[in-house]
Amino acid sequence: ICTQTGEYRHRIPQPYRISPFGRKYYLTSYALQNKSSNVRSAALGRCWGVDIDCSVFRFYKMLAHGYGIETPELDLLLKDKHAFREELATTIQNLQYDKTGLIKKCITRMGFGARETSYYDYKAEKQKGALQAIIKNKEDRDRLTEHPLWVGLKVTYKQIKARVVKDEYS
């Protein structure tokens, strides 16, 4: 979102190739967050004030806005990510340190499509899962994944993904 105009229109092209199986592979990254303010200004005009910490969430917000999807939990996260993480951190009771750091990792992994539940890896002969690797205690994981903010954010991501897939492949 442009902080100056409130518009969602500023886009930077991302070159990609499509594999024989239909998956997109991005060829390069323009990664403006790593560039100087002069480069960001040249690329984005007055709208280069980007919150890098929330960039993936702003991307989801832009997609949701384009599809007309309501995003109350995502709006709360974008408004105050620290308060959002602190609230979810209350679900972790079996650890005394860096709870918000763990929540940040969980939210980020969810945003990139990581599975919420664990699965059995027969090759490694053990249970695996993105959340399980971060929050080891099952009761803490269950409390997190049942929290209304988590559930709402997950629903929003699923709605956005469904629309993107529908538009891309239908």
Side-chain angles (χ1 to χ4, degrees), residues 1-3 6 8 10-12 14 24-26 28-37 40 43-44 47-67 69-121 124 126-165:
I1 301 172
C2 172
T3 56
Y8 291 88
H10 306 285
R11 295 185 183 184
I12 299 170
Q14 183 72 37
K24 286 184 181 180
Y25 288 93
Y26 292 93
T28 185
S29 171
Y30 294 111
L32 286 176
Q33 67 266 32
N34 297 328
K35 305 299 182 205
S36 71
S37 60
R40 289 195 301 266
L44 299 173
C47 301
W48 67 270
V50 179
D51 180 352
I52 301 306
D53 290 336
C54 286
S55 61
V56 70
F57 308 117
R58 296 238 182 255
F59 177 72
Y60 276 117
K61 179 64 180 176
M62 177 193 71
L63 289 173
H65 178 78
Y67 291 122
I69 297 170
E70 295 292 321
T71 59
E73 292 80 14
L74 186 55
D75 292 341
L76 288 172
L77 175 61
L78 290 169
K79 181 178 180 182
D80 189 345
K81 63 187 175 204
H82 300 295
F84 192 90
R85 291 175 189 153
E86 285 289 331
E87 172 59 30
L88 287 177
T90 64
T91 64
I92 302 175
Q93 298 175 1
N94 292 295
L95 188 65
Q96 300 305 315
Y97 62 94
D98 197 28
K99 294 178 183 183
T100 55
L102 296 177
I103 294 298
K104 178 181 179 180
K105 287 180 184 179
C106 291
I107 293 171
T108 300
R109 289 192 183 181
M110 182 210 300
F112 284 107
R115 66 173 71 194
E116 187 176 277
T117 56
S118 61
Y119 63 97
Y120 190 77
D121 181 339
K126 66 179 182 177
Q127 287 289 119
K128 287 188 173 180
L131 291 187
Q132 182 180 358
I134 300 168
I135 300 176
K136 309 288 188 206
N137 183 278
K138 183 181 180 334
E139 290 79 20
D140 285 347
R141 278 194 316 275
D142 289 345
R143 280 189 293 275
L144 172 63
T145 59
E146 293 167 4
H147 192 286
L149 289 177
W150 180 271
V151 171
L153 194 59
K154 183 176 71 172
V155 167
T156 298
Y157 286 165
K158 284 184 176 185
Q159 290 174 333
I160 294 167
K161 180 181 174 183
R163 290 296 304 272
V164 168
V165 168

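The shortest side-chain heavy-atom distance between M110 and L131 does not fall under the 4.5 Å cut-off. Between H82 and T100 the shortest side-chain heavy-atom distance does not fall below 4.5 Å.
A salt bridge links D142 with K138; the closest basic N to acidic carboxylate O contact falls under 4.0 Å.
Distance CZ/F84 to NZ/K79: 13.0 Å, rounded to 0.5 Å. Expressed to the nearest 0.5 Å, how far CG of D98 lies from NZ of K104 amounts to 10.0 Å. Put simply, CZ on R85 and CG on D80 are 9.5 Å apart, with the number rounded to the nearest 0.5 Å. The structure places CG of N94 at 8.5 Å from NZ of K99, a figure rounded to the nearest 0.5 Å.
By the side chain to side chain contact (heavy atoms under 4.5 Å, CB included) test, K105 pairs with I134, sequence neighbours left out.
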Would you be so kind as to tabulate the donor-acceptor pairs closer than 3.5 Å made by side chains of residues 147-160, with sequence neighbours excluded?
{"residue": "H147", "atom": "ND1", "partner": "L149", "partner atom": "N", "Å": "3.0"}
{"residue": "H147", "atom": "NE2", "partner": "E87", "partner atom": "OE2", "Å": "2.8"}
{"residue": "W150", "atom": "NE1", "partner": "E116", "partner atom": "OE1", "Å": "2.6"}
{"residue": "K154", "atom": "NZ", "partner": "E116", "partner atom": "OE2", "Å": "3.3"}
{"residue": "T156", "atom": "OG1", "partner": "G152", "partner atom": "O", "Å": "3.0"}

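The shortest non-hydrogen separation linking A133 to R109 is CB-NH1, 4.2 Å. Minimum heavy-atom separation, Y67 to V164: OH-CA, 3.6 Å. Looking at every heavy atom in both residues, Q132 comes nearest to K136 through O-CD, 3.7 Å.
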message = Please determine whether side-chain contact (heavy atoms from CB on, under 4.5 Å) holds for the pair T71 and L78, giving the CA-CA distance in whole Å, both sets of side-chain angles, and the decisive distance to 0.1 Å.
response = CA-CA 10 Å; T71 59; L78 290 169; over 6 Å; no
key: Audit row: K61, D75, side-chain contact (heavy atoms from CB on, under 4.5 Å) steps and yes/no   = CA-CA 8 Å; K61 179 64 180 176; D75 292 341; 2.8 Å; yes
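Other residues, nucleotides and ligands place more than 12 heavy atoms under 6.0 Å from the CD atom of Q93.
Y60 contributes no side-chain N or O that, together with a main-chain N or O of L74, makes up a donor-acceptor pair within less than 3.5 Å.
Screening N137, I103, L144 for a side chain to side chain contact (heavy atoms under 4.5 Å, CB included) involving I92 leaves a single residue, I103.
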